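This chain uses plain numbering: 1 for the first residue, then up along the sequence. Predicted model, so just to flag it, every value in this text is computed and none were measured.
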Amino acid sequence: MMMTTVFAAFTASVLVLAAAVLAAGCMGSAPETASPVNITGAPVQTVHVGDIDIAYKTVGTGDAIIMIMGFAGTMDLWSTGLIERLAEDHRVIVFDNRGMGLTTASDAPFSLELFADDTAGLMSALNISRAHVLGWSMGADIAQELAFRHPERVDSLILVSGDSGGSEAVQPTPEVLARLTDTTGTPREQGARLLSLLFPSDWFADHPDLFSYFPEVTESSSPESIGRQATAMATWNGTYDRLSEITQKTLVVTGTDDIITPPKNAFILGERIPGAWVVQFKGAGHGLMYQDPDGLAEAVLFFIGA
């Protein structure tokens, strides 16, 4: 599964870039938020789940929304605007997947099924019997497994920039793969090049102030854990043949200009999941939650309330 190594290089480089920007201060400081629901200032808490300790944050009150992060990402990679808009009317929980950021790991082999079980375990530890589940990128894959393995836990399913995995998933073009795996230049140059792939080139050029839309990334993950997560992705069989069995109402979200997870994947999911909604964000890339956090939040909230 070529996307495994692609995402390993991609996400690690994004984190390198963010760290370099923070250290150099060349783009200024992250803007202060006036939101009454401040995810950045929320305390990190930990809870023991199975054989690991999961680090998480929770903000807001109301029905729960569980947010599942993508490959090699940490909970501080979420768009703060998205989280805080959702948390105006809901309890939003973000967390680090097994081995990522501040969450520990064990000797158990990593798998997307295990990550789904971890998520269910976190819900149990927090006394959340049922929740809306939103996954981004690989997090959308974990969310699908959660819906299969723990259907009673999932009130509704929101799959953002995800795919069905397996041979049925539509891969990036050879040109995009070449850019994703290009290791020339300094780490900072590599990071800048790969970060740009989150966004359409015209949009990225028009939004040079990274901190006006991209969060401060302060957590990091070990190469060993990232490698184990990559293996989990490589050995995942996907959900294509099982999608018709999903019973929860499902929203599938894609950017029309997503070159990392091409939008055809959203229609594969939408066609095979009974009654699924498919929403496209025109001009958005894989990082659509950074481009239009309010629009994504409005779509999610409308869907939840429908």
Is it the case that the side chain of T104 and the backbone of D53 share a donor-acceptor pair, with hydrogens and angles ignored and the cut-off at 3.5 Å? yes

Nearest heavy-atom pair of V59 and A87: which atoms, and what distance? CG2-CB, 3.7 Å

Do other residues, nucleotides or ligands put more than 12 heavy atoms under 6.0 Å from the CG atom of N237? no

Salt bridge flag under 4.0 Å for residues D292 and K282: no

Q280 (side chain) donor-acceptor with G255 (main chain) under 3.5 angstrom: no

Tell me, with the steps shown, if W136 and I68 meet side-chain contact (heavy atoms from CB on, under 4.5 Å). CA-CA 7 Å; W136 176 57; I68 308 179; over 6 Å; no

Taking Q291 for the side chain and G285 for the main chain, is one N or O donor matched with an acceptor at less than 3.5 Å? yes

Would you confirm whether the ring centroid of F204 sits within less than 6.0 angstrom of the ring centroid of F199? yes

Check whether the side chains of S156 and Q248 place a donor and an acceptor atom closer than 3.5 Å, and report yes or no. no

Distance-only donor-acceptor check, side chains S137 and H286, under 3.5 Å: yes

Distance in Å, I273 CD1 paired with L159 CG, rounded so as to fall on 0.5 Å steps: 5.5 Å

Strictly distance-based, threshold 3.5 Å: is any side-chain N or O of H150 a donor or acceptor partner for the main-chain N or O of L146? no

Nearest heavy-atom neighbours spanning P262 and I260: CD-O, 3.4 Å

Tell me whether the count of non-hydrogen atoms from other residues, nucleotides or ligands lying under 6.0 Å of CD in E152 goes above 12. yes

Compare every heavy atom of A299 with every heavy atom of L251, then report the nearest pair and how far apart it is. CD2-O, 4.1 Å

Check step by step if side-chain contact (heavy atoms from CB on, under 4.5 Å) holds for M75 and M69. CA-CA 7 Å; M75 58 183 160; M69 176 46 65; over 6 Å; no

Which value, rounded to the nearest 0.5 Å, describes the distance between D155 atom CG and I158 atom CD1? 9.0 Å

Looking at CD1 of I246 and OG1 of T239, how far apart are the two atoms once the value is rounded to the nearest 0.5 Å? 6.0 Å

What is the minimum heavy-atom distance between S164 and I268, and which atoms define it? OG-CG2, 4.2 Å

Using a 6.0 Å distance limit plus a 45 degree cone around the ring axis, check whether R98 lies over the aromatic ring of F115. no

Could you tell me whether the side chain of R130 reaches within less than 4.5 Å of the side chain of R153, counting heavy atoms only? no

Of the non-hydrogen atoms in G283 and P200, which two are nearest, and what is the gap between them? O-CG, 3.1 Å

Kindly indicate whether the side chain of W203, heavy atoms from C-beta on, has any atom under 4.5 Å from the side chain of H207. yes

Membership question, hydrophobic clusters at under 4.5 Å side-chain separation (ILVMFWY): are L122 and L114 in the same one? no

Is the positively charged end of K57 above the ring of F95, judged by distance under 6.0 angstrom from the centroid and angle within 45° of the axis? no

Begin with the C-alpha distance, continue with both residues' side-chain angles, and end with the deciding distance and a verdict on side-chain contact (heavy atoms from CB on, under 4.5 Å) for L86 and M67. CA-CA 11 Å; L86 295 176; M67 313 286 287; 4.1 Å; yes

Is the shortest side-chain heavy-atom distance between L102 and T46 below 4.5 Å? no

Applying side-chain contact (heavy atoms from CB on, under 4.5 Å), run through I259 and T173 and close with a yes or a no. CA-CA 8 Å; I259 58 176; T173 65; over 6 Å; no

Given 3.5 Å as the limit, does a donor-acceptor pair link the side chain of S225 with the main chain of S222, or not? no

Co-membership, hydrophobic cluster, residues V170 and F281, 4.5 Å side-chain: no

Can you find a heavy atom in the side chain of F110 that is under 4.5 Å from one in the side chain of T235? no

Is D76 reaching over with its side chain to a backbone N or O of T218, donor-acceptor style, under 3.5 angstrom? yes

Between E145 and R242, does the salt bridge (charged side-chain N to carboxylate O under 4.0 Å, His left out) criterion hold? Intermediate values first, please. CA-CA 10 Å; E145 289 294 350; R242 296 178 284 156; 2.7 Å; yes

Flag the pair V37 / V92 as yes when at least one side-chain heavy-atom distance between them is below 4.5 Å, and no otherwise. no

Do the side chains of V94 and I39 get nearer than 4.5 Å, heavy atoms only? yes

Any side-chain heavy-atom pair of I65 and R91 under 4.5 Å: no

Output yes when a side-chain donor or acceptor of K249 lies under 3.5 Å from a complementary backbone atom of W277, and no otherwise. no

Parallel, tilted or perpendicular: which fits the ring planes of H132 and H90, with parallel below 30° and perpendicular above 60°? perpendicular

For T74 versus S221, what's the shortest heavy-atom pair and its separation? CG2-OG, 3.8 Å

Are Y240 and V278 connected, step by step, through hydrophobic side chains (Ile, Leu, Val, Met, Phe, Trp, Tyr) whose heavy atoms are closer than 4.5 Å? no

M123 reachable from V47 in the ILVMFWY side-chain graph, under 4.5 Å edges: yes

Atom pair CG/CG of L288 and L82 - distance to nearest 0.5 Å: 9.0 Å

Hey, does the side chain of N97 reach the backbone of M100 with a donor-acceptor pair shorter than 3.5 angstrom? no

Taking atom CG of L112 and atom CZ of F71, what is their separation to the nearest 0.5 Å? 10.5 Å

Can you tell me if T261 and D163 form a side-chain donor-acceptor pair at under 3.5 Å? no

Among side-chain atoms of D96 and T103, is any donor-acceptor pair under 3.5 angstrom? no

Taking the six-membered ring for Trp, are the ring centroids of F214 and Y290 within less than 6.0 Å of each other? yes

Hey, mind stepping through D117 and R149 against salt bridge (charged side-chain N to carboxylate O under 4.0 Å, His left out) and telling me if it holds? CA-CA 8 Å; D117 292 345; R149 298 172 69 82; 2.9 Å; yes

Please examine the side chains of R85 and L296, heavy atoms only from C-beta on, and report whether any two atoms are closer than 4.5 Å. no

Working to the nearest 0.5 angstrom, can you tell me the gap between L210 CG and L195 CG? 6.0 Å

